Amino acid sequence: MDRPLGLLAELTYACPLHCPYCSNPLNLGDYSDELTTQQWLRVIAEAAELGVLQLHLSGGEPLLRRDLIDIVRFASGHGMYTNLITSASGLSSRRAELLRAAGLDHVQISIQADEQALSDRIAGMPSFERKLTAARLVKKLGWPLTLNVVLHRHNIDRIGHILDLAAELGADRIELANTQYYGWAQLNREALLPSRAQLERAETVVRAARERLRGQMEMIYVIPDYYSKYPKPCMGGWGRQQLTVAPNGDVLPCPTAHTLPLPRASVREHSLAWIWQQSPLFQRFRGTDWMPEPCRSCARRDLDFGGCRCQAYQLTGDAARTDPVCHLSPDHGIVASAVRAASEAGSPREAVLIPRPHPDTRRRE
Amino acid sequence: MPLTGPMRIADNADRPRLAPHVRLVYDQARQRHVLLTPETVTLLNGTGAAILEMCDGVRTVAEILAELRGRYDRVADTEVEAFLTGLVAKRCVEVNHG
């Protein structure tokens, strides 16, 4: 069994934004009993012991946790590479300087589009200008800046302008990742999934920008897996490289695995080492023994690990089937028909997005 | 534009160094060197670690190659250059030219 490389710490699901592509769970109320500072520090110490080298601090909006700076300092002290994934609301100069001093290595800021009206509309609140200010602050303090952009039907045609904005802000990296259809995003799938024509246009722009910005900006572009021939190697394999701790202490092989009908594992009841090595949850889809055909005899089984268990469950009702995204899957018709519908549907304006409600975004201890 | 920055490795007189946001560490748990970058962990073999330890912004690529030849029986110059060029493209390594 490999040791985990990275821990995604979802510190809180509270968030001031209302993005319709949010992949967090539908029932946020189940996560309001958040781990305390002391519990998080214990989790991080155990993770370091287990071999975790990177700590990704996310949510929700991790800046809503008052103890974020203590958590960063502690992880840094354990030699971890710390990465903050934020909407940037709450990243004041003072807070940023304290995070820098605490040893935070890297900041990723989400933007929803390249211009205010669209960005704010997608985010469900005025936030664009603050994001730009925060991005400049990140650069000023000498951090590397990554911009995260979730792409979908309503902003993918702006991709060239988004790249121009990233270059203007001096971003070192940009992640242009199409929406993954989990959690709230699944409710909005029809309104979010771009058409084939949109994707083809976007790829042309990305190819040209890659050449132009080579050595200046690292560019990661992820197409919607619905359009790929083979499934994504989800999390680099179940229980193989990564683990997630949800705000309530649940430990998961991937952030959406709470949707699966599997026994829970929580840091409130067990050590991280026991959960990684022995819990039924982490052993369920580890390796290749669980695989059905066509995965079992497929040459790619150690490359994509059968794809995403959550997607298999969501689309077929059986988490142990081949990810229907794979063109070899007997269930591929489900994905093919969604893609067909997206390419036939009319203008993106016709599709209505349901904003993610966040009833309570007060700071919590 | 100063004579430093994230550009291509142009020739053997370039002096590569690790980008400020990248960390080369020895991982006790795995007993090997790893390169930590924003989204990835790269487990390094002995040669990879040796090359990156010499990326100090002082040694030139030619000097790094010469030191490697002193340590290893076979050193493929093109592989070392490809390794560094790949890391430059990912902005993990920066270059002082000349």
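Note on naming: letters A, B, ... go to the chains in the order of the sequence lines (proteins, then strands), and numbering restarts at 1 for each one. Since the model is a prediction, treat every value here as computed from it, not as a measurement.
Here the straight-line distance linking atom CD of B:Glu39 with atom CG of A:Asn148 works out to 7.0 Å at 0.5 Å rounding. Atom CG in B:Asp27 sits 8.5 Å away from atom CG in A:Leu5 (nearest 0.5 Å).
No more than 12 heavy atoms of other residues, nucleotides or ligands lie within 6.0 Å of CD in B:Glu79, so this atom counts as exposed by the packing criterion. The environment of CD in A:Glu49 is sparse: at most 12 heavy-atom neighbours from other residues, nucleotides or ligands sit within 6.0 Å.
Heavy atoms of A:Asp172 lying under 4.5 Å from chain B belong to its backbone as well as its side chain. Looking at A:Met217, only its backbone comes within 4.5 Å of chain B, counting heavy atoms on both sides. With a 4.5 Å cut-off on non-hydrogen atoms, A:Glu175 touches chain B through its side chain but not through its backbone.
With hydrogens and angles ignored, the 3.5 Å screen pairs no side-chain donor or acceptor of A:Arg214 with any backbone N or O of B:Ala89. Side-chain atoms of B:Arg23 come within 3.5 Å of backbone atoms of A:Met80 as a donor-acceptor pair (strictly under, hydrogens ignored). Between the side chain of A:Tyr81 and the backbone N or O of B:Thr40, no donor-acceptor pair lies under 3.5 Å. One N or O on the side chain of A:Gln54 and one on the backbone of B:Thr37 form a donor-acceptor pair closer than 3.5 Å.
B:His21 has its side chain out of reach of A:His106: every pair of non-hydrogen atoms, C-beta onward, lies at least 4.5 Å apart. In this structure the side chain of A:Arg173 reaches within 4.5 angstrom of the side chain of B:Pro38, judged on heavy atoms.
Shortest non-hydrogen contact noted between B:Ala29 and A:Gly51 is CB-CA, 4.0 Å.
The stretch residues 29-55 of chain B participates, sequence neighbours left out, in these ring pair (Phe, Tyr, Trp, His ring centres under 6.0 Å) pairs: B:Tyr26-B:His33.
Within residues 41-49 of chain B, the residues having any heavy atom under 4.5 Å from a heavy atom of chain A are, by residue number, B:Val41, B:Leu43.
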